[in-house]
2 protein chains.
Amino acid sequence: MKIDMTYGSGGKQTGDLINQVFLKHFSNPVLNRLEDAAVLSISGKIAYTTDSFVVTPLFFRGGNIGKLAVCGTVNDLSMMGAVPKYLTAGFIIEEGAELKDVETIAETMALAAKEAGVSIVAGDTKVVEGSGGIYINTSGIGEIKKEGITISGCKPGDVIILSGNLGDHHAAILSERMGIENEIASDCAPLCTIVANLFEADIDVRCMRDVTRGGLATVLNEAADQSGCSVELLEEAIPVSREVKGFCDILGLDPLYMANEGKMIAVVPEGQAEEALKAVKKSPYGTNARIIGTILEGKGVRMKTKFMGSRTIDVLYGEGLPRIC
Amino acid sequence: MKIDMTYGSGGKQTGDLINQVFLKHFSNPVLNRLEDAAVLSISGKIAYTTDSFVVTPLFFRGGNIGKLAVCGTVNDLSMMGAVPKYLTAGFIIEEGAELKDVETIAETMALAAKEAGVSIVAGDTKVVEGSGGIYINTSGIGEIKKEGITISGCKPGDVIILSGNLGDHHAAILSERMGIENEIASDCAPLCTIVANLFEADIDVRCMRDVTRGGLATVLNEAADQSGCSVELLEEAIPVSREVKGFCDILGLDPLYMANEGKMIAVVPEGQAEEALKAVKKSPYGTNARIIGTILEGKGVRMKTKFMGSRTIDVLYGEGLPRIC
């Protein structure tokens with residue numbers, strides 16, 4: 001059955017969609033009240049964020065837009081040293097979307113939320129003209145466990161840990177779009193357990209960021225810029241799977257600029273680097289973590305290449321991924 | 001200048017859009033940090049909600065999509081007895097949208113946020129293929145001032161106050177779409193001052209709802225349904241401006257089902273009705289408030305017509321507005 005404009009009218013059909021799809025999967029005591037807003041008890045410092053998800057195709061190897069929407073916001077909260085607690089979900093559905101796709105997406109969101117330990121406490125659905133697309137906005141609230149973790153917190157001497165292989169998500173989406181058959185799956189995952197492990201090991205984390213749009217290059221440039229430091233990367237240390245490497249070689253893509261949905265960097269004091277690495281590796285989403293570089297005095301991001309050369313790693317300009325040349 | 005896909009890449013152009021448009025207008029100490037999430041101090045009970053805005057045209061007499069996006073979420077929080085504090089804003093922009101329109105919308109949002117006393121503390125921008133449309137999601141957090149105000153809180157004997165004329169927003173949007181020239185303007189407004197006035201007057205408000213999608217008929221059916229009561233409306237008491245009435249008569253529309261963006265109902269104990277009405281009227285957005293009906297035992301919503309008949313007011317079915325027949 002296809003969704004038509006009546007599902008967005010705020011009347012009977014909207015109610016059916018809410019009851020038969022969203023409440024069915026997201027059910028919890030707060031949401032079930034169906035008031036204008038959720039009522040929650042919270043105290044202390046919170047992290048609060050929002051993100052919209054517009055990926056096409058909606059379904060891909062390793063996940064779908066719903067899993068992204070939950071993990072993306074969970075990860076943004078986690079990167080601020082917060083334990084993710086509550087999410088909202090706003091759906092913008094183009095007419096012609098399949099009701100069963102919406103239900104599959106909701107089901108996946110519920111599973112991802114469960115894994116991350118968050119409740120979806122408020123939602124909204126709009127139906128617009130179009131051709132079957134779906135956009136999802138999630139906002140989230142987390143309770144801050146450790147204050148002062150910030151993109152401007154890097155200090156010369158600190159060590160950069162990357163939680164695993166680069167490029168999987170981007171390559172999986174491109175493969176779907178281009179109809180290329182391979183085994184590459186999105187890395188989409190909640191990063192809250194990695195953060196919990198770092199805290200449990202008492203690491204004085206300076207800065208954490210999930211490596212999403214713009215890739216590692218953009219994240220590191222931001223960190224260098226905001227912290228008033230420079231970054232030195234070791235090309236050899238940066239993990240990329242054999243399959244993604246092959247994919248990138250053929251298409252002329254650079255994994256440093258590719259989006260990930262289950263990868264993060266943690267910048268930690270030099271003396272705690274090995275212990276921090278161990279903590280990250282304890283999570284199923286951090287098994288291939290590596291120390292990939294260090295923070296230095298100066299400006300910008302440079303990478304020591306395999307051939308002992310050095311090149312500047314700039315932020316992403318324009319839309320596409322730069323060709324390796 | 002038109003927005004193209006590069007503005008959504010997460011790289012340089014996205015940064016420019018954030019700095020030169022959003023930060024310029026929304027600037028506040030929390031947002032300006034540009035972390036993955038805002039860090040806020042909060043304690044006690046909060047209200048938390050989300051809403052997406054997809055109105056076309058983007059600009060209309062009385063407001064634009066940005067004003068709606070701020071007021072809509074401010075109002076949802078207010079209806080739960082909360083003082084709105086923080087908003088997030090997620091923009092989904094179709095390529096081809098004019099940069100100056102995005103800036104005008106951001107400017108309007110900043111003004112509306114200022115009036116409502118909220119800060120926009122986190123944001124997100126995505127650019128998608130399309131033809132110049134803009135969607136905005138806002139989520140919001142408010143501090144609950146008075147607990148227990150709920151759509152299920154109506155009791156037989158209670159009185160229903162409507163804060164002003166019905167149908168202005170819906171008629172303004174339809175007029176724009178149909179190219180009909182008239183003076184009808186959207187009623188889009190923040191309702192937090194009305195709520196503050198009710199609390200200041202110590203009214204034991206049972207239930208509040210803003211009268212948006214689905215119109216008064218849908219809101220009252222929800223209240224009756226959730227409270228296990230019935231509603232009796234007085235047709236004569238329901239305020240509709242002469243211009244909107246004329247517009248509806250010509251097009252065969254029923255104001256009871258039309259969307260508003262600056263109107264609310266408050267259900268209050270009978271003995272406090274006059275005092276509550278006075279409190280609502282004290283706000284510039286409540287000057288034409290009326291007592292429009294009462295809560296009774298039983299089920300459903302009925303309206304006493306001008307001719308002393310009585311008819312059932314059902315929820316909205318399907319998309320369109322039902323013809324009066």
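Convention: sequence-line order gives letters A, B, ...; per-chain numbering from 1.
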Go through [options] and name the one with the most non-hydrogen pairs under 4.5 angstrom from chain B.
options	value
A:G44, A:A82, A:A47	A:G44
A:A217, A:A38, A:A122	A:A38
A:E222, A:K45, A:K126	A:K126
A:S52, A:G90, A:S139	A:S52

Select one option (side chain, backbone, both, neither) describing which atoms of [X] are under 4.5 Å from chain A's heavy atoms.
X	result
B:I151	both
B:T125	backbone
B:I144	side chain
B:D4	neither

Where on [X] is there a heavy atom nearer than 4.5 Å to chain B: the side chain, the backbone, both, or neither?
X	value
A:N221	neither
A:I141	both
A:A89	backbone
A:L87	backbone
A:L40	both
A:V128	side chain

> Rounded to the nearest 0.5 Å, how far apart are CD of A:E35 and OG1 of B:T150?
Replying inline: 3.5 Å
